[in-house]
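Shown next, in structure tokens, is the structure this report addresses.
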There are 2 protein chains.
Amino acid sequence: MVKESAKDLRELLRLPPGEPVVLAGHDARATPGAPGGKRAGRADSARLGKRLANLQERLWAAATAGDRRRVLLVLQGMDTSGKGGTVKHVIGHLNPSGCRIQAFKAPTEEERQHDFLWRVRRALPRPGEIGIFDRSHYEDVLIARVRHLARPAEIGSRYGLINDFERSLAEDGVTVIKCFLHVSYDEQRRRLLRRLDRPEKHWKFDPGDIDERTLWPAYQEAYELALERCAAPYAPWFLVPADRKWYRNWAISRLLLEHLREIDPHYPKGDFDVAECRERLLKG
Amino acid sequence: MVKESAKDLRELLRLPPGEPVVLAGHDARATPGAPGGKRAGRADSARLGKRLANLQERLWAAATAGDRRRVLLVLQGMDTSGKGGTVKHVIGHLNPSGCRIQAFKAPTEEERQHDFLWRVRRALPRPGEIGIFDRSHYEDVLIARVRHLARPAEIGSRYGLINDFERSLAEDGVTVIKCFLHVSYDEQRRRLLRRLDRPEKHWKFDPGDIDERTLWPAYQEAYELALERCAAPYAPWFLVPADRKWYRNWAISRLLLEHLREIDPHYPKGDFDVAECRERLLKG
């Protein structure tokens, strides 16, 4: 048992529900559970990708026979932490037909007319799908808190609403996997500088991102609160060290795989007479 | 000029607008324009995949600076012709963030309350995206015709409505690429038999598909009409021989690439002072 759980990346990265989170105490360059360095990590990610694609097909197939289970991967993290890169490199291994990807930006006029979970409910994965949120309802307790986009009491009430919402998802067959991509202040600087160095990356660069860095401590604090208050057994938060891209990709692939293995979806049995179908086909 | 156009797969596969289409005259096992056999085709598909991903990123980047152009790939074909396989193997090379995939099934109650293009409009790609339709509004002149799901006069009016609709898309910056995956009657039998042989494929098998084969001639006729009436310069139909899966994947990759090269999207220039941004970053 001990040996098994030591192999389970979920155990290594899961934030314990209800315990204070101190981000400064987590090394963003760490590689917990990795099968080795960069080369070994990448090779293992490719292997994991194939296994993920196989399990995804089973999940999808099971849904055609009425299985309502599905997965929701929530990606949160500071600018440059690699949310988009995760979609490209991890989700890129899956069959795009079975993925429902939603990037959440500043709410539109229409979205503002509704409660903050409205747009999130509309983007949820359907049975058999793997949903991916690039940012999410957590922005409503992150940037909303740091930039004072709502009254403190309202923001304060959102943690409980989020917990209720995520519990209802879990009860409806959604495996919720929330990943905080933990990037360091210095690594963010390096990544922003690299974008500046390469003209073909300029479209990803917003000078406003530099101003946002002055709010770094406030964001870290807002994340600490969100991670502490919304780490639940039915919807855990995983802290993924993200200064090393290969590790981030490997860890999220591995987390997805462990969850899918636990779901253990099966190809449904056909409810038809194979021999009779074969005969009819051969006649026609 | 002659040499160039001979290399353009669009020229080889495009159905000439307004000309009668006789599907029986097209060999579903043909491999027009292919770089060789299966091995060479697969190797070239992998290369094309990388180039597609690169152009897709440019298309996406251009949209962040206001470029409204996008692509809509429409996949139509009989059961087992490989619409799903195309999404998996061709679209699988792209960044899933920039793809909007919609599979159209029998219309829901809500969809039935609206005109037949309603659900299609809602699923269109946004600027910078590559949209993929697995089946489409063409079902409303295919199965609707074969199965008499609407009055003949109404179905008759839909071809013109489709042409108007697709013209308006083209005028709005949508590159419409319509592929008919041409599979033969015998190859369909082989593929259905293969599904029966493998229990893990049974979920894809519907005994109703065998009954549907008795309507094969009616479907071919409905396709011939649709291809003839809706092959337009602004939204061409490509007939893709689909009995060989490697060729189907190669041809659709190649068609997508040729269209994207013609769009020729560019990374937008940043409208910020790089030196000043760098200085601010290094200070903070």
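Throughout, a chain's letter reflects where its sequence line sits, starting with A, and its residues are numbered from 1.
Within the 4.5 angstrom heavy-atom criterion, atoms from both the backbone and the side chain of A:A61 approach chain B. Only the side chain of A:I101 comes within less than 4.5 Å of a heavy atom in chain B; its backbone stays farther off. For B:C99, no part lies near chain A; criterion is any non-hydrogen pair under 4.5 Å. Residue B:T64 touches chain A through its side chain alone, counting heavy-atom pairs closer than 4.5 Å. For chain A, no part of B:D186 is nearby; none of its heavy atoms comes within less than 4.5 Å. Looking at A:R278, both its backbone and its side chain come within 4.5 Å of chain B, counting heavy atoms on both sides. B:A65 does not touch chain A: none of its heavy atoms, backbone or side chain, sits under 4.5 Å away.
Rounding to the nearest 0.5 Å places CG of A:L196 at 10.0 Å from CG of B:D273. We find the CD-NZ distance between B:E57 and A:K88 to be 5.0 Å, quoted to the nearest 0.5 Å. Here the CD-OG distance, from B:Q102 to A:S97, works out to 10.5 Å after rounding to the nearest 0.5 Å. For the atom pair CG of B:L281 and CZ of A:R190, the computed distance is 12.5 Å after rounding to the nearest 0.5 Å. The line from NE2 of B:H202 to CG of A:D271 is 11.0 Å long, rounded to the nearest 0.5 Å. Taking SG of A:C277 as the reference point, atom CZ of B:R195 lies at 12.5 Å (rounded to 0.5 Å).
For B:K269 and A:E200, the salt-bridge test fails: no basic side-chain N is under 4.0 Å from an acidic carboxylate O.
Here B:P207 is the residue among B:P268, B:G270, B:A53, B:P207 with the most heavy-atom pairs under 4.5 Å with chain A.
For A:E262, the CD atom is loosely surrounded, since the number of other residues' heavy atoms within 6.0 Å does not exceed 12. Applying the 6.0 Å contact sphere to CZ of A:R42 captures no more than 12 heavy atoms from other residues, nucleotides or ligands. Environment of CD in B:E276: crowded, with over 12 heavy atoms of neighbouring residues, nucleotides or ligands closer than 6.0 Å.
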Taking it one step at a time, do B:L282 and A:L193 satisfy side-chain contact (heavy atoms from CB on, under 4.5 Å)?
CA-CA 9 Å; B:L282 289 170; A:L193 285 170; 3.7 Å; yes
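Between A:W203 and B:Y267, the angle of the ring planes stays under 30°, which puts this pair in the parallel group of the 30/60° scheme.
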